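These notes are about the structure you will find just below.
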Amino acid sequence: MQSYLFQRFPGMTPVTGPPNLYTINGVGFTMYGHRDFDHASGTYVATHFLCFLFIPIFALGAYRVADANPGWYFLGKVPLSNLTRGWNCFVVLAMLVGGLSIWWSIHANRLETIAANTVADGDRLAADGKIGQAARKYQQVVMDKQVPLAAADALQKLTRLF
């Protein structure tokens, strides 16, 4: 029977046991889906997912299974569908964009970054000949005193303006 299945489904590879199927309050690993049903063998492909609150997040693999009440008989591992691979790429990209967004938000809101940007604004205004506006930018950093190095730089530039 097993050799018949591997001949019928050439992309399928043998498995030594079922994948981890354990969830606590909807967080963990479970099977979803029912694709490529084969009437002759009564089997289909289900996808092994990492899920969070019962929502599938990331596909870990796909298996040709037969129903066993309750559960499944795992006959072999098959490639993920193109849609599922695309979903995995989307999830990885979303995590990357989210992580970079958090990093940028933290970086942009640091006192040192804000003070450096204010001094740079003052430099641009001074270069454009807007001395009064540049002096206000430098004064803002000097009076804030939360970033001593930027305050010293702004004070030096402020004195040069006069």
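Source: prediction; values computed, not measured.
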Using modelled atom types only, decide if a donor and an acceptor are shared between the side chain of T118 and the backbone of I114 within a distance under 3.5 Å. yes
Side chains of N82 and R85: is there a donor and an acceptor less than 3.5 Å apart? yes
What distance do R160 atom CZ and Y138 atom OH have between them, rounded to the nearest 0.5 Å? 7.5 Å
Do F49 and L60 make a side-chain contact, defined as non-hydrogen atoms from C-beta onward lying under 4.5 Å apart? no
Heavy-atom closest contact (G33 atom, A46 atom, distance): O-CB, 3.8 Å
Residue pair H48 / L21, side-chain heavy-atom distance below 4.5 Å: yes
To the nearest 0.5 Å, how far apart are CD in E112 and NE2 in H107? 10.0 Å
Heavy-atom nearest pair, P79 first then A62, reads O-CB, 3.9 Å
Joint hydrophobic cluster, I55 plus F29, side-chain heavy atoms closer than 4.5 Å: yes
If every non-hydrogen atom of A126 is compared with every non-hydrogen atom of A134, which pair is closest and at what distance? N-CB, 3.6 Å
Hey, is the main chain of T47 close enough, under 3.5 Å, to the side chain of R35 for a donor-acceptor pair? no
D38 versus F9: any side-chain heavy-atom pair under 4.5 Å? yes
Steps toward side-chain contact (heavy atoms from CB on, under 4.5 Å) verdict (F54, T30): CA-CA 9 Å; F54 299 105; T30 192; over 6 Å; no
How long is the gap from CZ on R124 to NZ on K137, to the nearest 0.5 Å? 9.0 Å
Got a sec: does the CZ of F37 have more than 12 other heavy atoms crowding it under 6.0 Å? yes
Roughly how far apart are T16 OG1 and K77 NZ, rounded to 0.5 Å? 10.5 Å
Over all heavy atoms of both residues, which pair between V91 and I57 is shortest? Give the atoms and the distance, please. CG2-O, 3.2 Å
C51 versus V27: any side-chain heavy-atom pair under 4.5 Å? no
N25 atom CG: more than 12 heavy-atom contacts under 6.0 Å: no
Do F90 and V92 share a hydrophobic cluster, counting only Ile, Leu, Val, Met, Phe, Trp and Tyr and linking them when any side-chain heavy atoms are less than 4.5 Å apart? yes
Using a cut-off of 6.0 Å, state whether more than 12 heavy atoms not belonging to F52 lie near its atom CZ. no
Decide whether V141 and I131 are clustered together by the hydrophobic rule: side chain heavy atoms of Ile, Leu, Val, Met, Phe, Trp, Tyr closer than 4.5 Å, transitively. yes
One should read off an interatomic distance between N88 CG and L50 CG, to the nearest 0.5 angstrom, of 10.0 Å
Give the intermediate values and the outcome of side-chain contact (heavy atoms from CB on, under 4.5 Å) for residues W72 and D67. CA-CA 5 Å; W72 303 272; D67 285 328; 3.8 Å; yes
On a heavy-atom basis, which atom in Y73 and which in A68 lie closest, and how many Å separate them? CE1-CB, 3.3 Å
Please name the pair of heavy atoms, one in A59 and one in L80, separated by the smallest distance, quoted to 0.1 Å. CB-CD2, 4.1 Å
Dump the intermediate steps for side-chain contact (heavy atoms from CB on, under 4.5 Å) on V119 and K157, then the final yes or no. CA-CA 9 Å; V119 170; K157 291 180 180 192; 3.8 Å; yes
Would Y63 and F74 satisfy ring pair (Phe, Tyr, Trp, His ring centres under 6.0 Å), going step by step from the backbone distance to the final call? CA-CA 7 Å; Y63 296 86; F74 289 86; 5.5 Å; yes
Just checking L93: does its CG atom have more than 12 heavy atoms from other residues, nucleotides or ligands closer to it than 6.0 angstrom? yes
Does a side-chain heavy-atom distance below 4.5 Å link V45 with V65? no
About how many Å separate OG of S105 and CG of L100, when rounded to the nearest 0.5 Å? 12.5 Å
